[in-house]
Q: 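Can you read through this structure? Questions will come right after.
What you see is a predicted model; the values in this text were computed from it and never measured. Residue numbers start from 1 in every chain, and the chains themselves are labelled A, B, ... in the order their sequence lines are given, proteins ahead of strands.
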2 protein chains.
Amino acid sequence: MADPSKPAHAEDSGLAVKRGKPTLRTIAEITGLAVTTVSRALSDAPQISIETRRRVREVADEIGYSPDRAAQRLKTGRTNVIGVLLDPHEEILGYGTSIMSGIAKALQGTAYHLIVMPNFLNSTNVEAVNYITRNGMADGLIFSRTEPLDPRVRLLSDLGFPFVTHGRTELSTPHPYVDYDNFTFSYQATKRLIAKGRRKPALISGPADFTFAGHLQHGFMTAVREAGCAYEILSGIDLDSPAGAIRDRVRQRYAEPDPPDSFMCGGEVCALATITGMSDCGLTLGREYDIVAKQTSHLLSAIQPQVETIYEDLTATGEDMGRVLLQKIGGESDVSKLQLLLCPQIPSSFGTAG
Amino acid sequence: MADPSKPAHAEDSGLAVKRGKPTLRTIAEITGLAVTTVSRALSDAPQISIETRRRVREVADEIGYSPDRAAQRLKTGRTNVIGVLLDPHEEILGYGTSIMSGIAKALQGTAYHLIVMPNFLNSTNVEAVNYITRNGMADGLIFSRTEPLDPRVRLLSDLGFPFVTHGRTELSTPHPYVDYDNFTFSYQATKRLIAKGRRKPALISGPADFTFAGHLQHGFMTAVREAGCAYEILSGIDLDSPAGAIRDRVRQRYAEPDPPDSFMCGGEVCALATITGMSDCGLTLGREYDIVAKQTSHLLSAIQPQVETIYEDLTATGEDMGRVLLQKIGGESDVSKLQLLLCPQIPSSFGTAG
DNA sequence: TGCTGAATTTATAACGTTTTAAATGGCCAG
DNA sequence: CTGGCCATTTAAAACGTTATAAATTCAGCA
């Protein structure tokens, strides 16, 4: 079958398959086809006959061919890489790892790889984004800790570079996002505290910079207003504060008059720190006060079953973000299809009857 | 200065810099040099005159040139990528994120990028390693959860593929690793319990598969033997068990005769779960029993100051692993220079006098 | 037979870099 | 002025892939 008149590279053609990783040329030599044909066949181009496609695929599988990503990337300009901006703040309770697991799951079976761009290389996150886009280091970007007027979102939107955020913005140009409905979570959680008979819930919210802090606050306020009860938004700390700081602040607050009788905590660490602070003051969870918290691992409910929790599945979130980004890269232009608001799973024990 | 007699590519030479990312050719056109010369100059080859090198670097900086990684990779075969095998078990308390932050810090300023290879794509970790090496997806690999006869280490050693493990093996061929001295940690921690007057410490160890579990156990046993006191290694659970399981097991153990009076916990979650279990039995930390634990975040000591903790800095570990791997890739062949055993920082309050 | 067009395959060039080998030019000894 | 040597620069090829345009085959039909 093979044409022996071809002089080119005939040196080692006796060995059918050269030493080393098989390439398109290896397959071409085996099948007697041209490299171009093999390339086409493997990408299932309609111009190649069915029979040829089948045979090429067969040989490729047999010799364990897999395309050279560097060459593809050089030729096509596509990197087949999804970048994740990793924030140092995300170290606690596996936020980053869960999200990445999810993204990886979504990327499984595609040609895409996940690469981590820790943002502390560049002093600001915007610089990191700039660097990545200018140097064509990825085909798409995923990041979190979204701000209402997030400059990264602005930049990427302007450039038309595909991305998905974890969290929404308040920018006028819509963009792909996946977000947890923190309003509903906060609203339901606060209502739950009130349903338990508490009359002055306190909110420990996210850092003011981030969009989700506003949502938490909004849900909280809606619930307390509906009930017409007192409330407090704990100042000086937020969900990013170290546990020790939260604990101290809670203790300090109880030394002052008219303290809250319950807490809405946006995170597990926050809840644990709050409990410790209250315990320092001799107060017992479930008796003198209550807590409802959001949980992203299963730690809190195992350690402190007294805390009512609502679970946010970050791995699922990552998976959604991966899927959405792939759709975006794939050319989906209807942005509304690329915006996901995940509903909190309210436990059935949460009666909504006030 | 520029020679106008050169006809090649003169078509758009009026625009000095073509649209798009600058390449070596862009610099060549600007300086009037050949592409080869520019390439050489940028890599500081001694055969290029100092003056030329300076000028080329200057122009490169000015137009913001950065080499195309895909092209470099295709040509040289080097990927400039470090892969990290991420384990789903590592979700808790930011293990993965901390390590990655550290690695990224070590890679900062080098040509290397960090790419995450979640192992759940391939059913086993060995398959993932196989895939990565066979397809030349990285120049080096980092992974953790090392087993005494780790098959990944075997495979990579055989292939001569650069890697660093977090944790040691018991294989005869030495390999680069970074490890925490869990023996010393466990030994000192257990001695501390005994110094506090406890007479039956219990160990909650790592999963038996992993090398570090043996180290923990060895340190523990050495301390109890020296003191000649009773001891117990809690069966049925380990550091990977969910908090709820640890809590249940502890509670159950206290329903049986002759329970331990103190705990050596290898992790924060474990310590918290143990405290909850004991509390269920009406026992108070610091009064009826004591705990010493290893801490990798600062959560535990903030939440439960009664627990004496020894801190393990995972970010520093990651940084070390990154550095070691770079040395290995750089050709360092003296393996002993690539093996780091990090010493636990024993708090000064830990008197060693029994 | 010879022409047309469809179906299938192919040669060639290109992506941006590095490597190998060769060219250029200056300088000095003979 | 020839030849040789050094320092410096250069042309050409290659890495493995895909895009463009061209070639080949073959059937149908005048």
Side-chain angles (χ1 to χ4, degrees), chain A residues 1-3 5-9 11-12 17-29 31-56 60 63-80 111 135-137, chain B residues 3 6-9 11 17-29 31-56 60 63-80 111 135-137:
Chain A
M1 303 289 165
D3 186 352
S5 67
K6 281 242 165 108
H9 313 114
E11 175 94 333
D12 46 10
V17 179
K18 291 217 301 228
R19 215 58 176 160
K21 229 188 122 204
T23 72
L24 287 181
R25 216 185 77 184
T26 318
I27 302 181
E29 277 165 6
T31 57
L33 293 164
V35 172
T36 311
T37 313
V38 174
S39 171
R40 288 244 151 95
L42 285 175
S43 55
D44 257 335
Q47 350 171 357
I48 304 295
S49 77
I50 299 278
E51 166 57 15
T52 302
R53 282 189 247 172
R54 197 196 50 71
R55 191 159 51 105
V56 167
I63 67 177
Y65 167 80
S66 86
D68 184 308
R69 299 174 63 86
Q72 286 182 315
R73 177 167 166 178
L74 175 58
K75 184 63 181 127
T76 64
R78 263 171 288 114
T79 64
N80 283 350
N135 293 53
M137 312 247 356
Chain B
D3 187 351
K6 280 245 165 106
H9 314 113
E11 173 93 335
V17 179
K18 290 220 300 233
R19 213 71 178 145
K21 228 189 122 206
T23 74
L24 287 182
R25 216 185 79 182
T26 319
I27 303 181
E29 277 166 4
T31 57
L33 292 165
V35 171
T36 310
T37 313
V38 175
S39 170
R40 287 243 150 93
L42 285 176
S43 56
D44 256 337
Q47 352 171 355
I48 304 296
S49 77
I50 300 278
E51 166 56 15
T52 303
R53 281 188 248 173
R54 196 196 51 70
R55 191 159 52 103
V56 168
I63 67 177
Y65 168 79
S66 84
D68 183 307
R69 298 173 63 87
Q72 285 182 314
R73 179 166 163 179
L74 175 59
K75 184 61 185 140
T76 64
R78 263 171 287 114
T79 63
N80 284 348
N135 293 53
M137 313 247 355

Q: Atom CD of A:Glu29 to atom C1' of C:dT10: distance rounded to whole Å?
A: 16 Å
Q: Would you be so kind as to tabulate the donor-acceptor pairs closer than 3.5 Å made by side chains of residues 70-80 of chain B, with sequence neighbours excluded?
A:
from	atom 1	to	atom 2	distance (Å)
B:Thr76	OG1	B:Gln72	O	2.7
B:Thr76	OG1	B:Arg78	N	3.1
B:Thr79	OG1	B:Val81	N	3.2
B:Thr79	OG1	B:Asp139	N	3.2
B:Thr79	OG1	B:Asp139	OD1	2.8
B:Thr79	OG1	B:Asp139	OD2	3.4

Q: Could you tell me the separation between the CD1 atom of B:Ile63 and the CD1 atom of B:Ile27, rounded to the nearest 0.5 Å?
A: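 One finds 4.5 Å between CD1 of B:Ile63 and CD1 of B:Ile27.
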Q: Whole Å only: how far is the CD1 atom of B:Ile27 from the P atom of C:dT17?
A: 8 Å
Q: Roughly, in whole Å, what's the span from CG in A:Asp68 to P in C:dC15?
A: 18 Å
Q: What's the shortest heavy-atom distance between B:Leu33 and B:Arg55, and which atoms?
A: CD1-NH2, 4.1 Å
Q: To the nearest angstrom, how far is A:Arg25 atom CZ from D:dT18 atom C1'?
A: 17 Å
Q: Tabulate atom names and distances for all N/O pairs under 3.5 angstrom spanning the protein and nucleotides 5-8 of chain C.
A:
none

Q: Quick check against the 3.5 Å criterion: does B:Arg53 have a side-chain atom that pairs as donor or acceptor with the backbone of B:Ile48?
A: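 Confirmed, B:Arg53 side chain pairs with B:Ile48 backbone.
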Q: Which of these nucleotides, C:dT10, D:dT10, C:dG16, is closest to any side-chain atom of A:Ala34?
A: C:dT10
Q: Looking at DNA chain C, which of residues 72-80 of chain A put a heavy atom within less than 4.0 Å of it?
A: A:Leu74, A:Lys75
Q: Looking at A:Gly64 and A:Pro22, what are the two nearest heavy atoms and their distance?
A: O-CG, 3.8 Å
Q: For the pair A:Lys21 and A:Asp68, evaluate side-chain contact (heavy atoms from CB on, under 4.5 Å) and give the outcome as yes or no after the intermediate values.
A: CA-CA 9 Å; A:Lys21 229 188 122 204; A:Asp68 184 308; 4.3 Å; yes
Q: Going by heavy atoms closer than 4.0 Å, what residues in residues 35-44 of chain A are next to DNA chain C?
A: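 Here the set is A:Thr36, A:Thr37, A:Arg40.
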Q: Testing the basics here: between B:Ala34 and B:Ala28, what is the closest heavy-atom pair and its distance to 0.1 Å?
A: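 So the minimum-distance heavy-atom pair works out to C-CB, 4.1 Å.
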Q: Under 4.0 angstrom, heavy atoms only, what part of the nucleic acid is A:Ala71 near: base, sugar-phosphate, or nothing?
A: base
Q: Between D:dT24 atom P and A:Leu33 atom CG, what is the distance in whole Å?
A: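 Spelled out: CG on A:Leu33 to P on D:dT24 is 17 Å.
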Q: Please table the atom pairs, donor to acceptor, closer than 3.5 Å between any side-chain atom in residues 36-45 of chain A and protein atoms at least two apart or in another chain.
A:
from	atom 1	to	atom 2	distance (Å)
A:Ser43	OG	A:Ser39	O	3.2
A:Ser43	OG	A:Arg40	O	3.0

Q: Any chance you could measure B:Thr23, atom OG1, to B:Tyr65, atom OH, to the nearest 0.5 Å?
A: 7.0 Å
Q: Could you state the atom-to-atom distance from CZ of B:Arg55 to P of D:dT8 in whole Å?
A: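 To the nearest whole Å, that distance equals 14 Å.
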Q: What does the inter-axis angle of the helix from C:dT1-D:dA30 to C:dG30-D:dC1 come out as, five pairs per end, nearest 10 degrees?
A: 80°
Q: For B:Arg54, check salt bridge (charged side-chain N to carboxylate O under 4.0 Å, His left out) against everything at least two apart and list the hits.
A: B:Glu51, B:Glu58
